Amino acid sequence: MLSTTAHPILTKPITTQVATLAKLYLQGKPAQIPDETIADLCDWLMNEFRQLPLNLRFSDYNRYDTVAAMFADIEREQLWVSADSYDTSVYPNPIYGFIFQGMHDYDHYLTDSDFSLKGEIAAYNFTAKRAPSLEIQKVLYSEIVLRSAAYLDLGHAAAPKIVFP
């Protein structure tokens, strides 16, 4: 059986896709999001939070290096959410960034997806189906797919922002 990691032609499209999406994020200007959309996003996130069957735990420093470690905690009905993992610039209160990250990580669990671009896209698609509007889907796309591509391309977190390429 052919391994995609051993064959450069099979891995190039993902690398190119990561670079392309990262460029959209890194070079994109921050989006102007209407107050009504932000209010709708926060209401939706709070509703999602109420449905999470987990104890979200705030941490200044705990960050999951592998999905296996994160999934193990989720199976114990707990999840550490690192303060540096979420964007607070779009939300009127940092609690919404905390909720977003917990919901997103749980969506990784529900889709059995990792932190690769393919995994982030799977988690995004799962989340976007529940989003109440196209505008919120666009915010989610920036937060989940584009920002993750920038992380994968740079090897570290990029400055948080929302972009609509």
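The chain is numbered in sequence order, starting from 1. Worth saying up front: this structure is predicted, and the values here are computed from it rather than measured.
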- request: Evaluate the side chain to side chain contact (heavy atoms under 4.5 Å, CB included) criterion for residues I136 and K138: first the C-alpha distance (whole Å), next the side-chain angles of each, then the deciding distance (0.1 Å), finally the verdict.
  value: CA-CA 5 Å; I136 291 174; K138 289 167 42 178; over 6 Å; no
Inset, instruction - List the steps and the verdict of side chain to side chain contact (heavy atoms under 4.5 Å, CB included) for V163 and L146. - result: CA-CA 8 Å; V163 297; L146 298 179; 3.7 Å; yes
Using the side chain to side chain contact (heavy atoms under 4.5 Å, CB included) rule, take T111 and N125 through it: C-alpha gap first, then chi angles, then the decisive distance, then the call. CA-CA 10 Å; T111 59; N125 286 332; over 6 Å; no
Decide side chain to side chain contact (heavy atoms under 4.5 Å, CB included) for I121 and Q17; before the verdict, give the C-alpha distance in whole Å, the side-chain angles of both, and the deciding distance to 0.1 Å. CA-CA 12 Å; I121 291 170; Q17 188 177 23; 4.1 Å; yes
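If you take CG on D153 and NE2 on H156, they are separated by 9.5 Å, rounding to the nearest 0.5 Å. Note that CG of D107 is 3.5 Å distant from OG1 of T127, once rounded to the nearest 0.5 Å. Between the CG atom of D43 and the CD1 atom of I38 there is a distance of 12.0 Å, given to the nearest 0.5 Å. Interatomic distance, C42 SG to F49 CZ, rounded to the nearest 0.5 Å: 13.5 Å. In this structure, I95 CD1 and L45 CG are separated by 10.5 Å, a value rounded to the nearest 0.5 Å. Annotation: the span from L54 atom CG to E75 atom CD amounts to 11.0 Å, rounded to 0.5 Å.
Scanning for side-chain contact (heavy atoms from CB on, under 4.5 Å) contacts around E48 gives W44, M103, R130, with sequence neighbours left out. Remark: Y109 engages F71, Y106 in a ring pair (Phe, Tyr, Trp, His ring centres under 6.0 Å) (not counting sequence neighbours). With sequence neighbours left out, A128 forms a side-chain contact (heavy atoms from CB on, under 4.5 Å) with Y124, Q137. Here R50 pairs with nothing under the salt bridge (charged side-chain N to carboxylate O under 4.0 Å, His left out) rule; sequence neighbours left out. Every residue was checked against the salt bridge (charged side-chain N to carboxylate O under 4.0 Å, His left out) condition with D114, not counting sequence neighbours, and none meets it. With sequence neighbours left out, Y64 forms a ring pair (Phe, Tyr, Trp, His ring centres under 6.0 Å) with no residue at all.
Each of Y151 and L21 belongs to its own hydrophobic cluster when Ile, Leu, Val, Met, Phe, Trp and Tyr are linked at side-chain heavy-atom distances under 4.5 angstrom.
With hydrogens and angles ignored, the 3.5 Å screen pairs a side-chain donor or acceptor of K161 with a backbone N or O of G28. Not a single donor-acceptor pair under 3.5 Å links the side chain of T37 to the backbone N or O of E135.
At a threshold of 4.5 Å between non-hydrogen side-chain atoms, the residues I162 and P30 do not count as touching. In this structure the side chain of M70 reaches within 4.5 angstrom of the side chain of F115, judged on heavy atoms. Inter-residue side-chain proximity for Y91 and L41 is flagged as met; some heavy-atom pair is nearer than 4.5 Å. Within the 4.5 Å cutoff, the side chain of V81 has no heavy atoms near those of the F58 side chain. Within the 4.5 Å cutoff, the side chain of I144 has heavy atoms near those of the H104 side chain. For the pair L117/V145, a side-chain contact is recorded, criterion being any heavy-atom separation below 4.5 Å from C-beta on. At least one side-chain heavy atom of F164 sits under 4.5 Å from a side-chain heavy atom of I33. Between M46 and I99, some side-chain heavy-atom pair lies under the 4.5 Å cut-off.
Between G102 and L79, the shortest heavy-atom distance links the atoms O-CD2, 3.6 Å. Scanning both residues, A149 and V18, for their nearest heavy atoms gives O-CG1, 3.6 Å. Taking every heavy atom of both residues into account, L152 and S116 meet most closely at CD1-C, 4.0 Å. Between G119 and S113, the shortest heavy-atom contact is O-OG, 3.3 Å.
Defined by atom type and a distance below 3.5 Å, a donor-acceptor pair is present between the side-chain atoms of H108 and E120.
Q51 CD: more than 12 foreign heavy atoms inside a 6.0 Å radius.
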